[in-house]
Amino acid sequence: MINTHHFKDKLEAEKKTLEEELGQIAIFNTETNIWEATPDQEMMGEIDDNDAADRFEDFEGRSGMVNTLQARLTDVNIALDKIEAGTFGKCEVCGTPIEEDRLEANPAARTNKAHMND
Ligand SMILES: [Zn+2]
């Protein structure tokens with residue numbers, strides 16, 4: 001039997017960390033329910049063209065980071081929903097229990113080891 005309290009604690013801690021990280025580089029759009037990368041605050045000031053190019057790259061990098069964090073947050077939220085629904089820890093492909101060491105390494109894992117690449 002899986003100790004869901006243990007994994008719920010881990011997932012909620014990770015969710016908090018992800019939301020804090022996202023909060024520093026993005027804002028949550030409550031209409032679309034997605035995080036959107038914020039433009040660099042310093043862009044508001046007067047800058048020359050070279051700076052503008054550099055900061056555009058920063059924004060691109062930040063957008064990529066936001067997408068990565070957001071994808072991870074989605075997985076974490078799905079895992080938390082499964083704990084509520086009582087289906088946590090089952091492989092989404094074959095329905096058998098996910099190995100505990102795999103869940104320990106990644107509590108948001110959606111499949112067992114046999115199906116980890118599906
Ligand atoms: Zn499976």
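For clarity, every value in this text was computed on a predicted model and none was experimentally measured. Numbering of ligands and ligand atoms starts at 1, following listing order.
With respect to Lys82 and Glu92, a salt bridge is recorded, a charged nitrogen being found less than 4.0 Å from a carboxylate O. Between Glu14 and Lys10 no salt bridge is recorded (no basic side-chain N to carboxylate O distance below 4.0 Å).
Each protein N/O/S atom under 2.8 Å from the Zn ion (ligand 1) was counted, for a total of 4.
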For Lys16 and Glu20: C-alpha separation, side-chain torsions, deciding distance, then whether salt bridge (charged side-chain N to carboxylate O under 4.0 Å, His left out) applies. CA-CA 6 Å; Lys16 190 162 174 284; Glu20 280 170 5; 3.3 Å; yes
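Between the side chain of Glu99 and the backbone N or O of Lys113 there is at least one donor-acceptor pair closer than 3.5 Å.
None of Asn117, Thr111, Asn112 except one satisfies the side chain to side chain donor-acceptor pair (under 3.5 Å) rule with His115; the exception is Asn112.
Residues meeting the salt bridge (Lys or Arg N to Asp or Glu O under 4.0 Å) test with Lys90, sequence neighbours left out: none.
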